Structures are given as C-alpha cells and as structure tokens.
Amino acid sequence: MMVKLTVETDRAGRERDRVTIRFAGDSGDGMQLAGNRFTDSTALFGNDFSTLPDFPAEIRAPAGSLAGVSAFQISFSNQRIHTPGDAPDTLIAMNPAALKMNLGDLPRGGLIIVNEEAFTTTNLKKAGYAANPLGDGSLSDYRIISVPLTKLAVEAAREFPVSVQQAERTRNLAALGLVCWLYGRDLESTLQWVAVKFERNPAIVQANQSALRAGYNYGETAELADASVRVGPAKLPPGEYRNITGNQATSLGIVAAAHLSGQSVVYASYPITPASEILELLASYRNFGVKTVQAEDEIAAAGVALGAAFGGALGLTGTSGPGLALKAETVGLAVSTELPLVILDIQRAGPSTGMPTKTEQGDLLQAFFGRNSESPVCIVAPSSPGDCFYLAIEAIRIAQKYMTPVIFLSDTYLGNTSEPWIVPAIDEIAPIVIRHHTDPEGFAPFIRDSETLARPYALPGTPGLEHRVGGLEKADGSGDVSYDPLNHQRMVDLRAEKIERIAQDVPALEVEGPQEGDVLVLGWGSTRGAILSAADQARAEGVPVSTAHLRYLNPFPHNLGAVLRRFRRVLIPENNSGQLRLLIRAKYLIDAHGLNKVMGKPFTAVEIAEGIIQLSEESRGR
C-alpha cells in the first residue's frame, strides 16, 4: 500500500485547509528575506505554519548556477500542522536554475510563478537547459504564471533616486507582493519592516515599498483571480505568540535560565554553521546577564566555558559536529572535574566539513562515546523549534543539579525552521536552584549528595574551601590525586551511576495512540513533526500505529524498555544510518527496524508513512 501525494488543481479563488509555498532563486535574489517576510505576515494573519529554509554553504555561489540556488518553503494551515510540507503547491522560480533544482518536488497541477526576464540564453545554459522550458511544452502539466518581475521592480522605483542595480534588487519584494495577493496576506507588516530596515536611506525604503505594492497590484490587474487561494486562520490555544526558530528559542532559553538561576551566563563559541546564530543572538542580550566570547578556536571556547563553570557562572559552549570533536578533551575534563558545562551541538551533515548548511542527526554516537575512556554525560534533544527553549533550560538545570556536563543535540533543521510559539510566563517556569557550598566544616571536594551523587559546588576563593581539580584521577572524597586501582574503579562507577540517577528527573515516555499493538514509531530530535504527520496518514489508510518521542537520550526514560516490549514492531526513523537503533538494540535487545536517510534533508511525512505501512503489513504476515 502506498501513500499518494496529490495537489488540488481547482484553484479558482477557493478556500483551502493548507497551502505550501516555496520561494527559490539565486543566492542574491533575497529568497530567505521574502520567505521570512511572508512568514511574518502569515503569523499575524493567524495561521499555523512551519518553515524550511534551504541555502547553499557558499556565501555567494556563481550567479545563475545550480549550486547557488537558495530556497525557502513555508506551509500554512487553518489547522495544527507539524511540518513545512512534503512538497510545494506553488513554486516561485526567480531563474532557470531555481526552476530546475525544485521542479521535481512540485506535484503535477501545481502553480509555478517565474521571473520571465531571467530566462535568458546565458542563464538557461548555466542551468543545463537545451531549450527554454517556458516555451517548449515541458511544463504543460503545471499552471504557469510568467511575470516580468525585474521590469516591475525597475518601473516601480523609477520615480525615486536609486540606481538601476538597486531597483533590480527589489524584484524579490515584487515577487513577495504578488504571492501576498494570491494568498490574501496583508502588506502592512512588510512595509513597516522595510521602513525600519532601511531607515537611513529613504530612497531605498521607497523603492522597496513601491516594488512590493507593484507585485501586489500585478495580481489584481493581471486577471489572476482564478489562481488565488484563501486559507483561514487556525484555532490555536489562546496566548501571546511569536514566530520563532530553534536557534532563537535556544538563545532565549539560555537567557531565561540566567534569570531563573540568578546567575550570569558565559557563552564561549567559535563561529560554525549552523550554531553561529546563537552566538550572535546571545551577544545582543548583554543586558540580561549574558557574556559572550568569540574564541580563537573550538578548543579555546570549550576551555573558557569550563573555566566559567568552575568560577560559578552558567558556562556554555556551542558548536556543530566538527567542533564537538575538537571539544572532546575538554568535555572529558568536565567529566573528571564534575563541573556543570553545557555543550550545544547544532548538528549538520558530515563527516568532516560535510555539507555545512544541510541537516543530519549524525552526532548521537559522538555525544555518547566521543571521548576517551569511560566518560558519560547527560544528553537531551529538543523535538521542535519551540521545544529548544525548554530543553535549553532543562540542560542547564540538570548540569547544575548533578554537577555534570550536558550535551544539547539540536540540528540544522530545528535551528533554522520556524513555527508559531506561545510565549510562556517566566514565573510559570520552575526556578533553577544552584547551591554553592560555603561551609568549611567537614568539606571535601568529592564527597557526594546521597540522592544525586553530585559533588559540592565550591567556588574558588571561598575561605576554607580550597581544593584542586584537574584531569588526573582523584581520590573519592578528598579529591587528592590517586592512582589506586580500586579507587579508580569506584570513581568510574560513581560517575556512571550519577548519570543514571538523572533518570529520576526524566519524565516517563508517553505513547500517542494505542498503548500496545503492531507498530510503534520511536523518534528523537527533529523527526517528531514528520512522524506525527506520517502516523496521521497511516491511520487514514486504516493502519493502527503508535508514536513515542525521546527528548532525553542519556539516560533514557525509566519506562522505555517496558514501552518497547508492548509492540510487535518498532520503527526508528533517523537522519543518520541507524545510531539510536544501535543503542536500542544493545540496551534492550529489541529488534528495532531502521528507516534511515542521510541526504541533508529532513524526512517527509510520506516517507515515514510508507515505512509504517510496510512494517505493519510485515507484522500481519501479508
């Protein structure tokens, strides 16, 4: 049984429950800007939405080349949705390369809006077209709206003192204006944004605003009413919302943790895609108890953060997979010294430099085992952009309570994608309690709390609490350097047991759907949205399926083994070659089945739905 992907072809001004749009063009065409502005308009309109930016690693690839195509997809609905859509209903292609790179994702009957002036002989050749697809009949299965977007922009800016080149750059806003007309989005928020963005150059403000209105008016005057679609507002829970990406939510979670703990933050990082944005955002929060350090390299950044933790601040460092490898020795030092270091790993496609702007979940085993000897750490993984806020706070809370390093595993998809997020009241979030030891009576640096096994958090300079820390093995209790074999065994066991005891603070794993049965889909991290949508599709096909999602990966929830054993088949979708599956099989002796994808792209719901259906049929012996 297959799940069919279809698109409605009757577009005559009708209401739709959901629409997916993809803006695509050259890296210099401003597609990310256009997509983000459309997203903000959609948020203000009241739709639920999810976005998927996709851009090349090069700062500016050759203009008109396939390698230089940048895209931004948004799916918006009058109902709750979990993904940015499996495929676009509408493709905005600013040049031939954008069309060629994205046409394969557009279902037949979909709408294509092209900037006709970009389909020159030179650009067609760069994109590998032997003939112009706008005139050779190859696009006959699609609805085409061919628009002179560049001319529209230039004509709109003619009355303002800007150069032709500056006027041409506003074609992305002309395209945005047309799309806003087609889908009933208001221009006001974008007009205001342009005014603020370019306030120092009134002529540029006027040119961009004029181009936006020109695109909108083109839809009104070109008799495109039969292509217009309306998607009504969604019925979302009441509250104050904002459009937020995973990296933004992570940064706000760190700021919130500073407030909840009453401690300052020291965030040390080296620029690396896709984690650099967190450093940039936190640097703007210096008035909220946040100090940022752009270190000379990954190793230095980890050392600065660990030193800050030793000194009593909230010490954090951020990176991606290659940087996590470089930080490994310092993370091991944090294990040995038992200090509350938090490491943010915004994963990307590897190995090595890999594909810096593409997504992957390939660092799970590195997070578990990527240090020498026995050096366990706590690992948490957010499941949505908004969840990054809460898991950032949770990572800091656990690190402080258990005096241990914590690795926070996000990824490129979560970091860059956005969704409407209900802003929580800070007083509704439990405070982070940090107890700095101050009493010298009976103090020893490695005596342990009977519940958590955490050692005392004694700040340097506290009278009577002088002690040593370092990478050499320490004697249990006193912290003196020790080479005693039995002591080393005990310290290794204690550090491992401390991580296991974190499970007492980890919520029980919840199952959505039947609590036992044929198929359980187990996920972690950014696969959650696609899994939920896939389960809905499978149920619509008559296949009973349950889902569960892991946000705590080390230690696992205490009831994970019991949950797994209630199902005949377990399917684990991962953007890697089967890393969680390997851990599940080893720990629980469950013959879990993998659904693996390492293409630099997130799962579509259809891919997972087909995996569910196939596994269900195998379970029933069909």
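All values reported here derive from a predicted model rather than from experimental measurement.
- Closest approach of A381 to L553, counting heavy atoms only: CB-CD1, 3.7 Å.
- Contact annotation: the side chain of C378 never approaches that of I407 to less than 4.5 Å [non-hydrogen atoms, C-beta and beyond].
- In summary, the side chains of K474 and S336 do present a donor paired with an acceptor at a separation below 3.5 Å, with no hydrogens or angles considered.
- Using a distance-only test at 3.5 Å, with no hydrogens or angles considered, no donor-acceptor pair links the side chain of N559 to the main chain of A562.
- Proximity of L316 to V265: side-chain heavy atoms (C-beta onward) are separated by under 4.5 Å at one or more points.
- Closest heavy-atom contact between P356 and G354: CD-O, 3.4 Å.
- Shortest non-hydrogen contact noted between T412 and P274 is OG1-CG, 3.3 Å.
- Q347 and D345 form no side-chain donor-acceptor contact under 3.5 Å, judged by distance and modelled atom types alone.
- Side-chain atoms of T20 and S75 form a donor-acceptor pair, as typed in the model, at a separation below 3.5 Å.
- Looking at residues two or more places apart in sequence or on another chain, you find a ring-ring contact (aromatic ring centres under 6.0 Å, His included) between H437 and F443.
- Partners of W421 by ring-ring contact (aromatic ring centres under 6.0 Å, His included), not counting sequence neighbours, listed by chain and number: F389.
- Looking at E512 and R539, no side-chain N of the basic residue comes within less than 4.0 Å of a carboxylate O on the acidic one, giving no salt bridge.
- Using a distance-only test at 3.5 Å, with no hydrogens or angles considered, a donor-acceptor pair links the side chain of Q515 to the main chain of V511.
- In this model, a donor atom of one side chain and an acceptor atom of the other lie less than 3.5 Å apart for N243 and S418.
- Between L550 and L522 there is a side-chain heavy-atom pair separated by less than 4.5 Å.
- Using modelled atom types, no side-chain atom of T404 and backbone atom of V377 make a donor-acceptor pair closer than 3.5 Å.
- Considering every non-hydrogen atom in both Y413 and L52, the closest pair reads CD1-CD1, 3.5 Å.
- Between R348 and the choices T359, D363, T353, the side-chain contact (heavy atoms from CB on, under 4.5 Å) rule is met once, by T353.
- In this structure, V304 and T317 have side chains that are not in contact, with every pair of non-hydrogen atoms separated by 4.5 Å or more.
- Remark: R22 engages D105 in a salt bridge, criterion side-chain N to carboxylate O under 4.0 Å.
- In this structure, D48 contributes its side chain and I81 its backbone to a donor-acceptor pair below 3.5 Å.
- Evaluation of the salt bridge (charged side-chain N to carboxylate O under 4.0 Å, His left out) test over residues 587-608, restricted to residues two or more places apart or in two chains, returns R585-D591, K597-E607.
- Annotation: side-chain hydrogen bond (donor to acceptor under 3.5 Å, both in side chains) contacts of E500 (sequence neighbours excluded): none.
- A 4.5 Å side-chain heavy-atom check between V342 and P405 finds every atom pair outside the cut-off.
- Pairs engaging residues 368-394 under the salt bridge (charged side-chain N to carboxylate O under 4.0 Å, His left out) rule: D387-R551, E394-R397 [sequence neighbours left out].
- In terms of heavy-atom proximity, P53 sits nearest to N416 at CG-O, 3.4 Å.
- For residues 321-343, the pairs satisfying salt bridge (charged side-chain N to carboxylate O under 4.0 Å, His left out) are E298-K327, E338-R448, E338-K498, with sequence neighbours left out.
- In this structure, T83 and R528 have side chains that are not in contact, with every pair of non-hydrogen atoms separated by 4.5 Å or more.
- The ring-ring contact (aromatic ring centres under 6.0 Å, His included) analysis of residues 547-576, with sequence neighbours excluded, yields no pairs.
- Partners of D449 under the side-chain hydrogen bond (donor to acceptor under 3.5 Å, both in side chains) rule, at least two apart in sequence or in another chain, are T452.
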- Report the C-alpha distance between E473 and R495 in whole Å, list the side-chain angles of each, state the deciding distance to 0.1 Å, and finish with yes or no for salt bridge (charged side-chain N to carboxylate O under 4.0 Å, His left out). CA-CA 12 Å; E473 185 63 284; R495 289 188 288 260; 3.0 Å; yes
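- Side-chain contact check for Q579 versus L582: every heavy-atom pair is 4.5 Å or farther apart.
- For the salt bridge (charged side-chain N to carboxylate O under 4.0 Å, His left out) condition, no pair includes a residue of residues 402-416, sequence neighbours left out.
- When all heavy atoms of L236 and Y241 are compared, the pair lying nearest together is CB-OH, 3.5 Å.
- With sequence neighbours left out, Y457 forms a ring-ring contact (aromatic ring centres under 6.0 Å, His included) with H436.
- Listed by chain and number, the residues in a ring-ring contact (aromatic ring centres under 6.0 Å, His included) with F369 amount to none (sequence neighbours excluded).
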- Take S50 and I74 through the test side-chain contact (heavy atoms from CB on, under 4.5 Å) and record every step on the way to the result. CA-CA 6 Å; S50 179; I74 174 173; over 6 Å; no
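- For the ring-ring contact (aromatic ring centres under 6.0 Å, His included) condition, no pair includes a residue of residues 488-529, sequence neighbours left out.
- Of the residues I612, V519, D518, the one that meets the side-chain contact (heavy atoms from CB on, under 4.5 Å) test with V543 is I612.
- For the pair S269/T319, no side-chain contact is recorded, criterion being any heavy-atom separation below 4.5 Å from C-beta on.
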